[in-house]
Protein chains: 2
Amino acid sequence: MSLPRNTKAKQAVLDEINRSTYALSQPELFERVKGTCDRVTVYRILDRLVAENKIHRIVNVDGTLNYAACNQCDTHNTHAHDHLHFSCLECKKIECLSEQSVHVQLPSHYQIKELFLTISGICPTCQGG
Amino acid sequence: MSLPRNTKAKQAVLDEINRSTYALSQPELFERVKGTCDRVTVYRILDRLVAENKIHRIVNVDGTLNYAACNQCDTHNTHAHDHLHFSCLECKKIECLSEQSVHVQLPSHYQIKELFLTISGICPTCQGG
DNA sequence: TAATTAATGCAACCTAGTTGCGTTTTGCAA
DNA sequence: TTGCAAAACGCAACTAGGTTGCATTAATTA
């Protein structure tokens, strides 16, 4: 097995993800760490961070991939994917609604790996008037 | 308002979607109606069919977009998105699990538009052995 | 059956993500 | 502290999915 190494670029990407209140896409992340590394490196760093269970990948309702560090995962040191994500159609931000509970009657004969539960709509900030 | 027209290409795409037991991507659909029309036309037909509420768009867990005609929508002539989708990690097929119920405690202060509830794993067919 | 305009074909373009390869850097161990 | 293996990187080129502009074709309906 290969053992992961820490680099400035990797730390910079992880810092940005941790700092953000919503999930970030690769283009957004690259913009934020600009100057630190190449855009290809950002892709590779994200793959590694996901493999190391440091962050997780959320698919937005439009198909774009976003990356977030969920609070649940931080505190329990395990990936809990059985919570809701909210995807705002206006600002395009996607965030975890970890306090909301979901009860899914799982299908039989199917081997479950992960649950992807996303609600689309307008977030409180974008509704603000 | 512009009134939609029916063309052979549009009908061919819709037929393929109705015929299929799982959601199809644009590349898959283009392959199946090959010779009928250009690939750009398939994209435009899919956009129109979604706008006309004839089909709906499902995001796969890997971010690819797929198109399906759910049974629920056909029978009730309304788009019901509060049911589960199953996304197989092996054959990549995505299908509706319309008989399964989901109870989601909706968040307050958020304006809900649609629910995207997808389970990833291995489907019965791919487990078979 | 003629007129309106929705729908199409084609070429060019865009964005997200991947691959190959030679170079740099990290972390461990001598 | 220095040497070394391989993890990580930069760069260039490439691929796939999807979009746009515009001139042409064809579906409606009057």
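The sequence lines fix the lettering, A, B, ..., with proteins before strands; numbering per chain opens at 1.
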Value in whole Å for how far the C1' atom of dA6(C) lies from CG of D38(B): 17 Å
Contact under 4.0 Å: T41(A) side-chain N or O vs dG10(D) OP1/OP2: yes
OP1 or OP2 of dG18(D) under 4.0 Å from side-chain N/O of R57(B): no
Donor-acceptor contact below 3.5 Å, side chain E28(B) vs main chain S25(B): yes
Nearest-Å distance for atom pair CG/C1', residues L65(A) and dT18(C): 13 Å
N53(A) side chain to A51(A) backbone, donor-acceptor under 3.5 Å: no
Under 4.0 Å protein heavy-atom contact, by nucleotide of nucleotides 19-30 of chain D - B base, S sugar-phosphate only: BBB----BBS--
Axis-to-axis angle between the two ends of the helix from dT1(C)-dA30(D) to dA30(C)-dT1(D) (five base pairs per end, rounded to 10 degrees): 30°
Rounded distance in Å - CD (Q26(A)) to P (dT15(C)): 13 Å
Side-chain heavy atoms of T118(A) within contact of V61(A), under 4.5 Å: yes
Note, R32(B) side chain near L24(B) side chain (heavy atom, < 4.5 Å): yes
Donor-acceptor under 3.5 Å (Q127(A) side chain, I122(A) main chain): yes
Of A9(A) and P27(B), the one whose closest DNA chain D nucleotide lies more 5': A9(A)
Rounded distance (nearest 0.5 Å) linking atom CD1 of I17(A) with atom NE2 of H56(A): 10.0 Å
V42(B) side chain near L46(B) side chain, heavy-atom distance below 4.5 Å: yes
Integer-rounded Å distance: dG17(C) P and D62(B) CG: 12 Å
Interatomic distance, Y67(A) OH vs dA16(C) P [rounded to whole Å]: 12 Å
Main-chain N/O of R5(A) paired with K10(A) side-chain donor or acceptor, under 3.5 Å: yes
Protein-nucleotide distance (K10(B), atom NZ; dT8(C), atom P), rounded to Å: 8 Å
Full working for salt bridge (charged side-chain N to carboxylate O under 4.0 Å, His left out) between R57(B) and E114(B): CA-CA 12 Å; R57(B) 181 180 272 127; E114(B) 280 185 76; over 6 Å; no
d(CD, Q11(A); P, dG27(C)) in whole Å: 11 Å
Euclidean distance, atom CZ of residue R48(A) to atom C1' of dT25(C) [Å, nearest integer]: 12 Å
